[in-house]
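Comments concern the structure below.
Atoms considered below: every heavy atom in the structure, side chains included; atoms not considered: hydrogens, waters and symmetry mates. What you see is a predicted model, and the numbers here were worked out from it, not measured in a lab.
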Amino acid sequence: RDMARTKIPTAREVMQAKVETIAVDAELEEAVRMLLGKGLSGAPVVDSEGALRGVLSEHDCILVLTRAISEGWPGGLVESHMTTEIETVPPTEDIFSISSRFARGQHRRLIVVEKDRPIGLISRRDLLRALESMEQELTRSKGKTTYELIGERHNALD
């Protein structure tokens, strides 16, 4: 495989550039309802300057909703319920490095941050898409189609 000629995509090229954020001083109930309404499992939490302060994750939302059912909505602001230990990625990081972060298995998505601000998100699916298109490009440059390679693999297995 000729990796030398193949450009390795970066976070900026594979990320989803539209990022829904939550204000650090938003009411918790409103923030959780907004996430649910938009079908999001979590979102970056930012301060008034737009700088990343945390994440309101799916895990955080499950805890909040469980508590809402048993005891009523916990009052307060997002700030007191968000996760502050977050792994971020610079826009220049390549997909192999990102892949090894996902391989450690703690994250469903990574936040792409530039100058302290969230500029994108990368999900496992975004990464898979990028890896697959890179694999297809390498295969094409080698002159065999994915279909031919699958055929060869089947023959090898028979």
Side-chain angles (χ1 to χ4, degrees), residues 1-26 28 31-32 34-64 77-154 156-157:
R1 297 207 170 209
D2 187 6
M3 289 287 291
R5 283 185 309 175
T6 307
K7 187 182 174 309
I8 299 171
T10 62
R12 190 186 301 280
E13 294 164 299
V14 302
M15 71 185 190
Q16 303 162 36
K18 189 177 182 296
V19 186
E20 289 285 346
T21 59
I22 299 170
V24 75
D25 57 356
L28 183 63
V32 173
M34 181 278 285
L35 289 174
L36 291 170
K38 295 188 176 194
L40 300 171
S41 59
V45 178
V46 295
D47 63 19
S48 58
E49 313 286 296
L52 184 65
R53 295 277 307 279
V55 171
L56 193 62
S57 71
E58 196 166 36
H59 181 254
D60 301 324
C61 292
I62 288 168
L63 296 176
V64 166
L77 306 179
V78 167
E79 191 167 28
S80 53
H81 296 271
M82 68 185 186
T83 302
T84 52
E85 285 176 34
I86 35 183
E87 191 168 356
T88 62
V89 180
T92 52
E93 189 157 319
D94 73 59
I95 63 171
F96 292 114
S97 174
I98 292 165
S99 185
S100 70
R101 290 178 187 246
F102 277 118
R104 291 200 289 274
Q106 296 136 320
H107 306 284
R108 289 179 170 208
R109 70 185 49 75
L110 294 167
I111 302 172
V112 183
V113 172
E114 189 171 46
K115 295 188 186 107
D116 242 14
R117 298 184 186 321
I119 61 163
L121 295 173
I122 298 176
S123 68
R124 291 173 180 176
R125 186 161 296 146
D126 299 324
L127 177 66
L128 280 170
R129 240 181 252 125
L131 289 167
E132 198 229 3
S133 71
M134 193 177 169
E135 193 275 335
Q136 284 179 345
E137 201 176 303
L138 283 166
T139 305
R140 271 197 302 278
S141 70
K142 214 170 102 182
K144 286 187 180 168
T145 66
T146 304
Y147 182 77
E148 288 169 328
L149 290 173
I150 290 169
E152 287 174 13
R153 283 191 197 125
H154 279 291
L157 293 172

Any heavy-atom pair between the side chains of [Y] and [X] that's under 4.5 Å?
| X | Y | value |
| --- | --- | --- |
| Ile8 | Ile95 | yes |
| His81 | Val64 | yes |
| Leu56 | Val32 | yes |
| Met82 | Thr84 | yes |
| Val24 | Leu77 | no |
| Val78 | Asp60 | no |

Got a donor-acceptor contact below 3.5 angstrom from the Glu132 side chain to the Arg129 backbone?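 Answer holds: no.
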Could you tell me which non-hydrogen atom of [X] sits nearest to which non-hydrogen atom of [Y], and how far apart they are?
| X | Y | result |
| --- | --- | --- |
| Val112 | Ala11 | CG2-CB, 4.2 Å |
| Phe102 | Ile122 | CZ-O, 3.4 Å |
| Thr83 | Ser57 | OG1-OG, 3.9 Å |
| Leu131 | Phe96 | CD2-CE2, 4.2 Å |
| Pro118 | Val113 | CA-CG2, 4.2 Å |

Between atom [atom1] of [X] and atom [atom2] of [Y], what is the distance when rounded to the nearest 0.5 Å?
| X | Y | atom1 | atom2 | value |
| --- | --- | --- | --- | --- |
| Asp25 | Ser80 | CG | OG | 11.5 Å |
| Leu28 | Glu79 | CG | CD | 12.0 Å |
| Asp116 | Thr88 | CG | OG1 | 9.0 Å |
| Leu121 | Ile111 | CG | CD1 | 6.0 Å |
| Glu20 | Met34 | CD | CE | 5.5 Å |
| Arg124 | Ser99 | CZ | OG | 11.0 Å |

For the CZ atom on Arg108, are there more than 12 heavy atoms of other groups (residues, nucleotides or ligands in this structure) within a distance under 6.0 Å?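 Counting neighbours around CZ of Arg108, 12 or fewer heavy atoms of other residues, nucleotides or ligands fall under 6.0 Å, so no.
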After noting the C-alpha distance and the side-chain angles of Glu13 and Thr10, does the key distance pass the side-chain hydrogen bond (donor to acceptor under 3.5 Å, both in side chains) rule? CA-CA 5 Å; Glu13 294 164 299; Thr10 62; 3.0 Å; yes
Asp126 and Met15: side chain to side chain contact (heavy atoms under 4.5 Å, CB included), yes or no, with the steps? CA-CA 7 Å; Asp126 299 324; Met15 71 185 190; over 6 Å; no
Partners meeting salt bridge (Lys or Arg N to Asp or Glu O under 4.0 Å) with Glu114 (sequence neighbours left out): Arg12
Tell me, please, which residues at least two apart from Ser41 pass side chain to side chain donor-acceptor pair (under 3.5 Å). Arg109
Got a list of side-chain donor-acceptor pairs under 3.5 Å for residues 44-51, not counting sequence neighbours?
unit_1	atom_1	unit_2	atom_2	d
Asp47	OD1	Glu49	N	2.9
Asp47	OD1	Gly50	N	3.1
Asp47	OD1	Ala51	N	3.0

